[in-house]
Each structure stands twice: as C-alpha cells, then as structure tokens.
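A quick write-up on the structure given underneath.
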Amino acid sequence: MSLDKLKLSKSLVAAMTDAGYISAKEIQARTMSRIIGGQDIIAIGPEGCGKTTTYVLGVLMKLKYSTDEAPKVLILVPDGERVEAVIAEFLLLSKNRNLRIKGLYGTGGMDDDINDLLDGIDIVVATPTRARAVYLKLGLNLNKLQTLIVDDAEVIVKQGMQLPVAELARSAGKVQHLIFTTLMHDKLNLLIDQFMEFPVTIEVEDLGETQ
C-alpha cells in the first residue's frame with residue numbers, strides 16, 4: 001500500500017520517504033484513520049510490523065502547535081531503551097517542526113525532569129513507574145492530555161507495572177487510549193478494562209515490507 005493512501009500531510013510523507021519507508025504497512029493502513037479520528041484502539045501484531053511508527057505518525061498528524069505547558073500526549077513503554085527509541089522515531093519523522101518531547105525513566109532525583117516539564121512540553125515518553133513518581137510529585141500535569149498510549153503492553157504487564165499504568169490512565173480522565181501489544185492475555189485484558197470501555201481491536205500478522 002502506498003504512503004499516499006494513509007492521507008498523511010505532505011511533510012510527513014516526505015519525512016517517511018527520506019527515512020527510507022517505501023510503503024505503508026498493514027497495521028498503519030488499518031489503524032491510521034481510526035487514530036486520527038480519535039477512536040480507542042487495541043492494536044495487536046508481531047514485533048517489526050510497524051506498531052511504533054503507526055502511533056508516531058498518528059500523533060504527529062493530530063498534534064497542533066501550542067504554547068501549553070502541559071503535555072498533550074503520554075506514551076508509556078517498558079524501559080529506558082524503549083523511551084530513547086520512541087523519541088528517536090519522533091525526531092526522525094518530525095524534522096520540519098519544533099517538537100517539544102521529553103523522556104522520563106530511571107530511579108534518580110526528579111528535579112531536572114520536573115523543571116524540564118514545567119518549561120513546556122508536547123509529548124512525554126516514559127516508563128510507567130517513573131511517570132507515576134513524577135506525577136505524584138506534581139511534576140507531570142495530565143489536565144491537557146489528549147492521548148494516552150501504552151506500547152509493548154504485554155512487556156509492561158510481564159514486568160508487573162499494571163498499577164502505575166491504571167493510576168495514570170484514571171488520573172488522565174477522558175482521553176484517547178491506544179494500546180499496542182504483540183499478544184493479548186487475561187492480565188492485559190484486566191488492565192485495559194480498568195480504563196477502556198469500547199475499544200476497537202485490530203490484529204495483523206504481516207510484517208510488511210522492510211525499510
């Protein structure tokens with residue numbers, strides 16, 4: 001499927017082409033219009049099928065420039081390595097805009113993180129435990145949040161981080177929820193049921209063409 005079929009902005013299509021993406025993957029073709037339309041989604045697919053790129057594109061399509069201090073998007077991932085990888089993908093595909101993005105992970109002092117957030121931010125990519133810790137210190141404002149994304153959800157559950165995910169989701173109130181996972185199981189369903197009511201489930205098996 002050609003990139004044009006995703007109905008992305010010209011700048012995003014250009015950024016994808018420059019990054020070496022030659023076509024849209026199945027998961028992007030089946031979810032993009034729903035993400036842009038604001039639906040709650042559970043997307044299931046194998047590693048390498050394009051889940052991260054899917055929500056990065058969706059966020060960049062929906063995010064409007066503002067000077068708000070509070071973030072519009074919170075993305076929860078299992079560890080610091082994934083935090084950095086997701087941020088790198090955003091920077092790769094948003095090179096034509098001034099994107100304010102911050103990663104939260106680790107276990108040290110939070111003063112620097114909180115100061116960075118208070119300066120104003122669009123997107124926060126974080127581990128659930130770190131995001132919750134900063135939130136409880138009143139450093140992470142969820143009042144303006146529009147989208148909450150949980151990536152590698154099955155890994156987050158495996159690592160026992162359901163509680164901070166559920167607490168953050170409930171604290172964020174009425175927002176769009178996007179869950180990305182390689183598989184579904186009972187523990188993940190129990191987590192999702194705490195804050196999602198009528199999500200659309202989309203499952204793909206195809207890895208699609210490689211970059």
Side-chain angles (χ1 to χ4, degrees), residues 35 38 40-43 51-60 62-63 66 68-91 94 99-182 187-197 199:
I35 292 173
D40 280 10
I41 292 173
I42 301 170
K51 295 189 291 292
T52 302
T53 302
T54 298
Y55 69 73
V56 168
L57 290 171
V59 166
L60 291 175
K62 293 182 68 174
L63 197 66
S66 79
D68 287 342
E69 292 180 358
K72 299 288 198 308
V73 182
L74 173 61
I75 302 166
L76 301 175
V77 297
D79 54 49
E81 186 176 338
R82 281 294 294 148
V83 170
E84 294 295 343
V86 171
I87 290 174
E89 185 82 358
F90 269 105
L91 296 177
S94 66
L99 193 69
R100 302 177 302 168
I101 188 166
K102 171 71 179 174
L104 301 176
Y105 59 92
T107 57
M110 288 179 270
D111 289 347
D112 288 343
D113 285 342
I114 291 173
N115 287 334
D116 288 345
L117 292 171
L118 292 175
D119 284 341
I121 208 78
D122 299 308
I123 301 167
V124 173
V125 187
T127 59
T129 49
R130 186 66 168 187
R132 177 176 178 267
V134 175
Y135 173 75
L136 292 176
K137 286 279 190 180
L138 305 181
L140 178 59
N141 183 349
L142 302 179
N143 291 338
K144 300 281 188 179
L145 203 70
Q146 297 172 353
T147 307
L148 173 63
I149 299 168
V150 183
D151 194 10
D152 290 328
E154 80 290 351
V155 180
I156 285 175
V157 170
K158 186 177 181 180
Q159 294 178 353
M161 292 189 284
Q162 297 98 309
L163 177 63
V165 173
E167 285 192 7
L168 289 164
R170 288 195 295 265
S171 300
K174 190 171 177 58
V175 300
Q176 180 184 25
H177 302 100
L178 304 175
I179 308 293
F180 291 84
T181 182
T182 59
K187 283 187 177 180
L188 181 51
N189 275 320
L190 285 172
L191 171 62
I192 290 170
D193 286 346
Q194 295 183 61
F195 56 87
M196 293 177 79
E197 292 186 358

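Computed from a prediction, not measured in an experiment: that's the story for all the values here.
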- Assess the side chains of Y105 and E81: does a donor N or O sit below 3.5 Å from an acceptor N or O? no
- Item | pair F180-D152: side-chain heavy atoms closer than 4.5 Å | no
- Message: Working note: Q176 + L148, criterion side-chain contact (heavy atoms from CB on, under 4.5 Å); need CA distance, chi angles, decisive distance, verdict.
- Response: CA-CA 6 Å; Q176 180 184 25; L148 173 63; over 6 Å; no
Residues 157-166, side-chain donor-acceptor partners within the protein, below 3.5 Å, at least two apart:
none

- Query: Under the 3.5 angstrom rule, does the side chain of E154 hit a backbone N or O of T182 as a donor-acceptor pair?
  - Reply: yes
- Message: Please list all pairs meeting ring pair (Phe, Tyr, Trp, His ring centres under 6.0 Å) that have one or both residues in residues 118-151, counting only residues at least two apart or in different chains.
- Response: none
- Message: Could you walk me through whether F90 and I75 satisfy the side-chain contact (heavy atoms from CB on, under 4.5 Å) test, starting with their C-alpha distance in whole Å, then the side-chain angles of each, then the deciding distance to 0.1 Å, before giving a yes or no?
- Response: CA-CA 12 Å; F90 269 105; I75 302 166; 3.4 Å; yes
- Task: Under the side-chain contact (heavy atoms from CB on, under 4.5 Å) rule, what do L63 and L99 come out as? Steps first, then yes or no, please.
- Result: CA-CA 10 Å; L63 197 66; L99 193 69; 3.6 Å; yes
- Query: Do other residues, nucleotides or ligands put more than 12 heavy atoms under 6.0 Å from the CG atom of D112?
  - Reply: no
- Sub-4.5 Å side-chain heavy-atom contact between L168 and L142: yes
- Polar side chain donor-acceptor pair, D151 to T52, under 3.5 angstrom: yes
- Salt-bridged, K72 to D122, with N to O below 4.0 Å? no
- Salt bridge between D113 and K102, side-chain N to carboxylate O under 4.0 Å? yes
